[in-house]
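The figures here come from the full heavy-atom set of this structure, side chains too, leaving out hydrogens, waters and symmetry mates. Note that this is a predicted model, so its numbers are computed, not measured.
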Amino acid sequence: MGNTLYRLEVFPFYDYAGVERHLEEMAMQGWQPQKMYTRLWKYRKMEPQKLHYEVVYAVRDKQKPSERERYYKNIKQGEWQKVSGWNGAEVYLSAQEQPCSIAGDETERLEEMHRYKGGDVMLSCILLILAGLVLEGFAVHDILENPVRELTLNMKLAMLLLWAGIALSGMVNWITYQRWRKQMKQVVAAGGACEPASIGYRCVHNLEQIVFVILMSLYIAACWLDGGARVCILLFLLITSYSLVLWGTQQLLKKLHVMEIRQRVGQAVMVFLLSFPVLFGLGYLDDTLFPVVERAEQVTIHNEVYAVYSDSLPVIAEELGTAVEGIRYSYEAEEQETILLKRTLAGQWAIPYQADIPEFSYEIVDVKAGFLYDSCLTSCRNRLVRHTAGGVSYLSAFRSYYDDYPTPQPHTCRDIESDLWDGETVFRVQSTEKDDAYGYLLLWPERIVSVCMSWEPTEEQLAIIIEKMKPDK
């Protein structure tokens, strides 16, 4: 241990009485704070002795000239020495038996804490609540709009939890502070002194911090699952960039003796102004550090370069007897999976594209959470109708995995429910304006398959597709 001690200390920002009592107890054990970061405190060894500590929220750059003179007088009279800063406040110690308070009586101290710290934190809590609810609303809207696309991305699920956690964190901090302040006002009005926050307040505060750390960890893990180290590194650089912007702006405005509420406004303005260059810089780093590695073979045909994939597909044109000899095909598939859904997008394309060459694409959605089945079915059906209505041109673009094609007019498609086909439910969708796009929706209790084809399959071909697409028993 030696002469230095590091400890993780977690106190709510309003618990100045708890901080003072804790430091006095540490002094009796022979430890004096040397540096007090928000969570990590550094102590140095000293002779055990009785000391008095006081947390002052009205630090010098916040004080009015009339306050500053009174504070300096009390500091000199009580032989107070500044120890460290803590959470936007300053911590002083005195070896006198009964030193005079720097801020004044208990009522003045309570009001000072709210005026210089509590009010700003409450404003931050309200902004967090609003931001969390608005972003949560956008996330929920996207899920309702296209559940298959959104719920197969781990980052989307983690972000949904994170926005809810941010809003909840703001609510918890706002409610606990208002309750504590009301209780302390009653205690002070009765002639008592502000007391350290009870174990209940400390537990709620610590639990809120732990939950937030867990949600952030889940989000980082989700980024890793979806995008690997690249996404995590870019996320770290983004957070670091904005943290440096906030810190640098605050330090500059402090030197200019700008009030704290204006510092917050200045930070928001700087973040807005620097957002474009920061994002542009990250985009440049992304292209430089993580160049796209094509898993496709580059093939040159008639002086044009094509990307040809060789992924494994459940069904290929060769099995349906529609493959054309002498034609090069690209077999492309992409999987996305979360704890709720698994989505496979796949297709077989002629290289180069020729209108008379059969090609098809399909989407397989495995629904792990049964309550999502109906919404996923609606999403898959709408997507299939959009692709079928678009004809071959949209069919070819399916490989880009675009979900936001224009919604077709009601007269451009007809949706026909057929009889049970070999025990399976099959829906048939056909374009009424184009004769080269046919869609089929195959339904099982836990799987939805939509197939878009450039030809009308025979019964034998459809039977093969159904057999190949069946979920594993």
Side-chain angles (χ1 to χ4, degrees), residues 143-153 312-317 319-320 322 333-348 358-391 394-395 398-399 401-405 407-408 410 412-432 437-473:
I143 290 174
L144 295 177
E145 190 77 16
N146 195 330
V148 173
R149 178 183 61 190
E150 300 296 315
L151 296 180
T152 50
L153 294 172
S312 176
L313 306 184
V315 183
I316 57 177
E319 296 172 321
L320 303 177
T322 60
E334 181 178 290
E335 284 190 0
Q336 298 166 336
E337 184 174 7
T338 65
I339 59 173
L340 300 177
L341 302 174
K342 179 181 178 181
R343 182 192 197 190
T344 302
L345 286 167
Q348 180 173 348
E359 59 180 14
F360 65 106
S361 58
Y362 46 87
E363 177 182 40
I364 304 172
V365 178
D366 292 309
V367 185
K368 303 178 185 179
F371 66 92
L372 294 173
Y373 189 89
D374 290 341
S375 58
C376 290
L377 175 58
T378 301
S379 176
C380 290
R381 178 190 177 281
N382 291 341
R383 191 170 190 270
L384 181 63
V385 169
R386 287 198 298 270
H387 280 283
T388 307
Y394 281 119
L395 178 63
F398 190 88
R399 77 182 96 186
Y401 312 126
Y402 295 152
D403 290 293
D404 300 321
Y405 294 133
T407 302
T412 59
C413 285
R414 56 176 178 265
D415 191 354
I416 307 170
E417 181 177 1
S418 73
D419 296 330
L420 288 179
W421 183 287
D422 193 23
E424 313 298 345
T425 304
V426 178
F427 290 84
R428 180 172 180 267
V429 183
Q430 181 182 354
S431 171
T432 58
Y438 299 85
Y440 290 87
L441 199 62
L442 317 177
L443 306 182
W444 289 273
E446 296 179 354
R447 172 173 284 189
I448 303 168
V449 179
S450 53
V451 186
C452 193
M453 317 174 75
S454 63
W455 80 95
E456 185 172 12
T458 64
E459 291 188 1
E460 292 77 10
Q461 290 172 338
L462 189 58
I464 293 173
I465 293 173
I466 291 174
E467 183 64 29
K468 294 284 186 178
M469 295 295 184
K470 278 185 179 179
D472 297 331
K473 302 298 183 183

Any heavy-atom pair between the side chains of L442 and I465 that's under 4.5 Å? yes

Just by modelled atom types, is the K368 backbone N or O under 3.5 Å from a matching donor or acceptor in the K342 side chain? no

Nearest heavy-atom pair of R447 and D366: which atoms, and what distance? NE-OD1, 2.6 Å

On a heavy-atom basis, which atom in I316 and which in Q348 lie closest, and how many Å separate them? CA-OE1, 3.3 Å

Roughly how far, to the nearest 0.5 Å, is the OG1 atom of T338 from the CZ atom of R343? 11.5 Å

Mind checking what makes side chain to side chain contact (heavy atoms under 4.5 Å, CB included) contact with L153, not counting sequence neighbours? K156, D226, Q336

Pairwise side-chain contact, L341 with C376, heavy-atom cut-off 4.5 Å (strictly under): yes

Do the side chains of F360 and T322 get nearer than 4.5 Å, heavy atoms only? no

Are the side chains of I364 and P314 in contact, using a 4.5 Å heavy-atom criterion? yes

Just by modelled atom types, is the S379 backbone N or O under 3.5 Å from a matching donor or acceptor in the R149 side chain? no

Using side-chain heavy atoms (C-beta onward) and a distance below 4.5 Å, is T152 in contact with V365? no

Can you tell me how far CD of E334 sits from CD of E363, rounded to the nearest 0.5 angstrom? 11.5 Å

Rounded to the nearest 0.5 Å, how far does CD1 of I448 lie from CG of L441? 7.0 Å

Is it true that, when you exclude E319 itself, more than 12 heavy atoms of the residues, nucleotides or ligands shown sit nearer than 6.0 Å to its CD? yes

Should Y440 and I466 count as side-chain neighbours, where that means a heavy-atom distance under 4.5 Å? no

Over all atoms of both residues, closest heavy-atom pair of L313 and G347: CD1-O, 3.6 Å

For residues Y362 and T344, determine if any side-chain heavy atom of one lies less than 4.5 Å from a side-chain heavy atom of the other. no

